[in-house]
Peer 1: 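Supplied in structure tokens, the structure appears directly below.
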Amino acid sequence: MTGLRRLAGFGWPRRHPPVSPVLAAALSPNEQILLATPVVGGLLAATRFGLWLVGSTAAARWDWDRISKARLSARTLTVIATEQLAVTDDGTVVLVDSAPYELELSAPSGLTDVVHHRVRRSVAASRHLAWPGGGGWVVLRRVPGRDGLTRQVRLDPGADFTAAGFLPAVAAVATELEGPLSSID
């Protein structure tokens with residue numbers, strides 16, 4: 001039954017696109033495909049580490065901790081990933097949203113549920129920090145394959161992360177967010 005995989009607990013096979021050689025070559029050794037679906041112009045695959053967009057000659061991965069938003073509307077999945085601008089002395093990653101990327105799904109798929117679950121699951125805590133000349137979302141994220149949480153600040157449009165006092169305020173908010181999480185086993 002090439003291209004078919006049985007659903008756990010059910011006798012019905014589920015269509016699963018074969019792994020393209022381009023994607024197989026790009027995957028990390030311990031990276032397994034959770035779900036894949038054809039999109040116009042290629043393949044979209046979700047793994048433990050991120051969301052892959054696979055074309056005929058190349059594959060690119062958006063790590064779950066770098067996707068700020070994902071939305072499905074009429075078979076078009078819109079993904080907004082982030083770009084790293086800097087890393088502060090305390091390890092906070094300063095991010096800005098990149099332009100939205102729209103992917104037209106070729107068929108209905110459960111992939112969007114996986115994407116939403118993985119993105120939501122990566123966020124341990126978040127709070128918006130308003131700041132004159134700055135501002136953004138302070139986020140504690142889980143990164144697959146790493147222990148602990150990663151501090152991020154996703155800047156508001158036009159925000160300057162070098163605005164006076166902004167980065168110390170980000171560090172204070174991140175420390176406050178970590179407080180309740182440190183008591184969770």
Side-chain angles (χ1 to χ4, degrees), residues 8 19-20 22-37 43-55 58-72 77-101 103 110-129 131 134-156 159 161-162 166-185:
V19 177
S20 75
V22 172
L23 179 57
L27 292 173
S28 298
N30 296 329
E31 193 170 11
Q32 294 180 339
I33 297 170
L34 303 172
L35 192 64
T37 191
L43 180 76
L44 197 58
T47 70
R48 174 176 170 232
F49 298 114
L51 183 65
W52 285 90
L53 178 59
V54 185
R61 183 178 76 194
W62 292 299
D63 294 342
W64 295 123
D65 63 302
R66 294 296 175 87
I67 297 175
S68 62
K69 296 178 187 174
R71 173 181 71 245
L72 178 68
L77 178 65
T78 302
V79 176
I80 299 176
T82 58
E83 296 176 29
Q84 181 177 311
L85 296 181
V87 178
T88 67
D89 292 339
D90 72 351
T92 300
V93 181
V94 180
L95 303 168
V96 63
D97 283 348
S98 60
Y101 202 91
L103 303 156
L111 184 97
T112 55
D113 294 334
V114 172
V115 170
H116 287 124
H117 173 77
R118 289 286 172 165
V119 171
R120 276 191 238 117
R121 174 78 177 104
S122 75
V123 177
S126 66
R127 182 184 311 155
H128 188 263
L129 172 64
W131 198 264
W137 283 93
V138 180
V139 184
L140 302 179
R141 302 284 294 255
R142 295 175 188 90
V143 179
R146 279 196 227 157
D147 289 334
L149 299 172
T150 298
R151 290 178 170 194
Q152 296 178 339
V153 60
R154 197 178 102 238
L155 299 176
D156 290 341
F161 72 93
T162 64
F166 179 62
L167 290 178
V170 167
V173 169
T175 299
E176 286 175 28
L177 290 172
E178 289 170 339
L181 297 174
S182 64
S183 64
I184 298 173
D185 291 331

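If you're wondering where the values come from, they're calculated on a predicted model, not measured in any experiment.
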Peer 1: I need the Arg154 CZ to Leu129 CG distance, nearest 0.5 Å.
Peer 2: 13.5 Å

Peer 1: State, to 0.1 Å, how close Arg121 and Arg142 come at their nearest heavy-atom pair, and which atoms those are.
Peer 2: O-NH1, 2.6 Å

Peer 1: Take Val22 and Leu43 through the side-chain contact (heavy atoms from CB on, under 4.5 Å) test and state the conclusion after the steps.
Peer 2: CA-CA 10 Å; Val22 172; Leu43 180 76; over 6 Å; no

Peer 1: What are the two closest heavy atoms between Ala124 and Leu149, and how far apart are they?
Peer 2: CB-CD2, 3.7 Å

Peer 1: In Å, rounded to the nearest 0.5 Å, how long is the span from CG of Leu155 to CZ of Phe166?
Peer 2: 5.5 Å

Peer 1: Say you draw a straight line from OG1 of Thr162 to CG of Leu167; how long is it, rounded to the nearest 0.5 Å?
Peer 2: 8.0 Å

Peer 1: Between Thr37 (side chain only) and Leu44 (backbone N and O only), is there a donor and an acceptor less than 3.5 Å apart?
Peer 2: no

Peer 1: Could you report the tightest heavy-atom contact between Pro144 and Arg48, atom names first, then the distance?
Peer 2: CG-O, 3.3 Å

Peer 1: To the closest 0.5 Å, what do you measure between CG (Leu111) and CG (Leu72)?
Peer 2: 9.5 Å

Peer 1: Compute whether any side-chain donor of one residue and acceptor of the other, for Arg141 and Thr150, lie under 3.5 angstrom apart.
Peer 2: no

Peer 1: List the residues meeting salt bridge (Lys or Arg N to Asp or Glu O under 4.0 Å) with Arg61, not counting sequence neighbours, and say none if there are none.
Peer 2: Glu31, Asp63

Peer 1: Without swapping roles, check the side chain of His116 against the backbone of Thr112 for a donor-acceptor pair under 3.5 Å.
Peer 2: yes

Peer 1: Establish, from distance only, whether the side-chain atoms of Thr47 and Arg118 form a donor-acceptor pair under 3.5 Å.
Peer 2: no

Peer 1: Would you say CZ of Arg127 has more than 12 non-hydrogen atoms from neighbouring residues, nucleotides or ligands within 6.0 angstrom?
Peer 2: yes

Peer 1: Find the distance between CZ (Arg151) and OG1 (Thr175) and round it off to the nearest 0.5 Å.
Peer 2: 4.0 Å

Peer 1: Pro100 and Thr78: which non-hydrogen atoms are nearest, and at how many Å?
Peer 2: CB-CG2, 3.8 Å

Peer 1: Can you find a pair of side-chain heavy atoms, one from Val153 and one from Phe161, that are under 4.5 Å apart?
Peer 2: no

Peer 1: Could you tell me which non-hydrogen atom of Trp64 sits nearest to which non-hydrogen atom of Ser122, and how far apart they are?
Peer 2: O-OG, 3.8 Å

Peer 1: Side chains of Trp131 and Val170: closer than 4.5 Å at any heavy-atom pair?
Peer 2: no

Peer 1: Please find the pair of heavy atoms, one from Ala45 and one from Ile33, that lie closest to each other, and give the distance.
Peer 2: CB-CG2, 4.3 Å

Peer 1: OG/Ser68 to CD/Gln152 distance, rounded to the nearest 0.5 angstrom?
Peer 2: 9.5 Å

